[in-house]
There are 2 protein chains.
Amino acid sequence: MATIKQVSELAGVSSATVSRVINNADSVKEKTRNLVLEAMRTLGYRHNVIAASLASNKTNTIGYVVPELHGSFFGPMMSGSEAELRNANKHMFVATGHSDEKVEQEEIEALLGRRCDGLILHVEAVSDSYLIDLARQDVPFVVVNRYIEEIGDYCISLDNVQGGYLATKTLLDAGHKDIAYIAGSLFKADARERLTGHKQALEEAGIMFNPALFYEGDFQAHSGFEGMMSLVGHLDAFTAVACANDEMASGAIEALRQEGIDVPQNCSVIGFDNIEFSSYLTPKLTTVNYPMREIGQMAARWILARAYGKETLELEHVLPPHIIERDSITRPRRR
Amino acid sequence: MATIKQVSELAGVSSATVSRVINNADSVKEKTRNLVLEAMRTLGYRHNVIAASLASNKTNTIGYVVPELHGSFFGPMMSGSEAELRNANKHMFVATGHSDEKVEQEEIEALLGRRCDGLILHVEAVSDSYLIDLARQDVPFVVVNRYIEEIGDYCISLDNVQGGYLATKTLLDAGHKDIAYIAGSLFKADARERLTGHKQALEEAGIMFNPALFYEGDFQAHSGFEGMMSLVGHLDAFTAVACANDEMASGAIEALRQEGIDVPQNCSVIGFDNIEFSSYLTPKLTTVNYPMREIGQMAARWILARAYGKETLELEHVLPPHIIERDSITRPRRR
DNA sequence: CTGAAAGCGCTAACAT
DNA sequence: ATGTTAGCGCTTTCAG
């Protein structure tokens, strides 16, 4: 593998000059530049980014810890970040945390060891205090999909309370008064926040929260199915159900179908997240949009600002959700 | 940021020794090791992987070019590779090619510039000859989801012909004789291969391929919808349709539903790929499994073998597809 | 506009 | 078992 030195010799210039043309920094006379370019070509030179990073103490790389590489949720977020970083000529190093505290920490360490200029952290298992501590070490990073009060500046997330509120409000506006709720695992903050929004909407409408119409699922489709199966006993007590995510909504719809209950004619359903398949369900699912791509972009913008001091307009920490209207909600039938 | 040198001074040993404990190579006396570990801790030392890579000429990193970071197709493949690499203590550097020739080439160059020890290439736009040329340069790499004869050893892919064959065979076995086909964009090799399989199955059953029952889509759901809309005119001429992927199958099902044609009672449907949402469709889609995760794993195993000379059992180049039976196929009704 | 030279932080012989 | 010492290939002052 050819080095800068060999190129410089062939071109009859110093290695500093070669470096200059590579980084097209400083001014290099057109003629020398061509000489160098030519030499690079004949030698099949390939810039050694590792060596450059060591010397310059910059890698032009942002590390990204994601829970998983698959799934309809993380992909769009990474894509959003990637687009923004590409745009700024930075690269992205992706590592997987697998929602495991130890793995997440190791990956963060590994990324730092690789001297990433900044980190985008989509971590679920690592403690708040670990992250707070990281902030003290002056590591440039942002946290995605999680809000930690002490380092609120570092966090980019969706307004889940507002999302939960909107979902139920949409049902209320359609005329529903008796609304069941299938929550996500309540040890997760977003599950709690969405539920809070639900209760707020209810309260605002002067409706009491009814524990009999509540089921705690775990964000998986299957738990939506089970939740609805256990709720369906009192179907006379509700006309609609709000689910804390689309997977559970799909499970709930399946349960309803299995019981011969038409959606939305006999029960309206609203989901949350607007993941890809929600528009492929029957009926097409009305849901709350989780702006994954936008959050990914926003995270990238923040980290670009933090790590490279890029000025950027439009930086926000909490993004607003909105309703995607499709076919799973209708006005309640007269009973 | 503390360096190995500072650690060595604090611990009262040489920097070589510190390096030894970091890489826990060679033998280091328990006592010295603890001394070093202690010094590292008090200094908050963090290993500089960049410097190590430069010195050792190894990065322990595999570069992965993927068309996109989102989508139900690439995620599982990346996950499969990641698991296998993690297992071998190697890292993965993901870059996005966006199915654009120039971008793909640039990313491959960037990954090589970063001195990745090997590359997993899921590239669609770059030419065969570019890849063949890369092979000549002794770059350790594998190509995924694509077969190039001259470098067959470097390729890992699904047997698409066999998949296409199986799909139609399944329909034939259910008693269908008149089978429509919605293909992917025929400028893509996999679309052509799947169609070839379809024709083989037909031929084997002594059935003539009927161009009137053929539609060339583009792998998008919408084209499946349109294809079915144009096919549905001669619904009396077929009792089943095979689609070259699940998206188009979902579009076809939607068209059928819209026309009031029950699936599978009045028309059976089979897809291809078994992407996540296919089991959420109504009816649940019978399809050909594309073993994404397994292909990702296999790619990782090959590259581990190539780049690090790891011995591995079970290396294959062409993986077999199989049918996932669900609810979108039934025996044809008597007419 | 270009060259000389001192590192960047680590590894890997080679010694001891 | 540990220390010495050259680099790895590049960037970056500082001169000229």
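Every value quoted in this text rests on a predicted model; they were computed, and no experiment measured them. In what follows, chains are A, B, ... by sequence order, proteins preceding strands, each numbered from 1.
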Nearest whole angstrom, please: distance from the [atom2] of [N] to the [atom1] of [X].
X	N	atom1	atom2	value
A:L35	C:dG3	CG	P	10 Å
B:K29	D:dG3	NZ	P	10 Å
A:M40	D:dG9	CE	P	16 Å

Spacing of B:R306 atom CZ and B:D138 atom CG [to the nearest 0.5 Å]: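 Going from the CZ atom of B:R306 to the CG atom of B:D138 covers 11.0 Å.
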Can you name the salt bridge (Lys or Arg N to Asp or Glu O under 4.0 Å) partners of A:D133, sequence neighbours left out?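 Counting only residues at least two positions away or on another chain, A:D133 forms a salt bridge (Lys or Arg N to Asp or Glu O under 4.0 Å) with A:R136.
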Kindly say if A:S14 contacts the phosphate of C:dT2, meaning a side-chain N or O under 4.0 Å from OP1 or OP2.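 Indeed not, no polar side-chain atom of A:S14 lies that close.
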When you look at CG of B:N34, are more than 12 heavy atoms from neighbouring residues, nucleotides or ligands closer to it than 6.0 Å?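 Yes, enclosed.
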Are B:R46 and A:E109 within salt-bridge range, i.e. N to O under 4.0 Å?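 A salt bridge links B:R46 with A:E109.
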Taking all non-hydrogen atoms of both residues into account, name the closest pair between A:H122 and A:P67 and its distance.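 The answer is O-CD, 3.3 Å.
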Does B:S127 reach the main-chain N or O of B:Y130 with its side chain, forming a donor-acceptor pair under 3.5 Å?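 Judged by distance alone, yes, a pair lies under 3.5 Å.
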How would nucleotides 5-12 of chain C be written as a contact map, 5' to 3', with B for base contact, S for sugar-phosphate-only contact and - for no contact, using protein heavy atoms under 4.0 Å? --BBBBSB
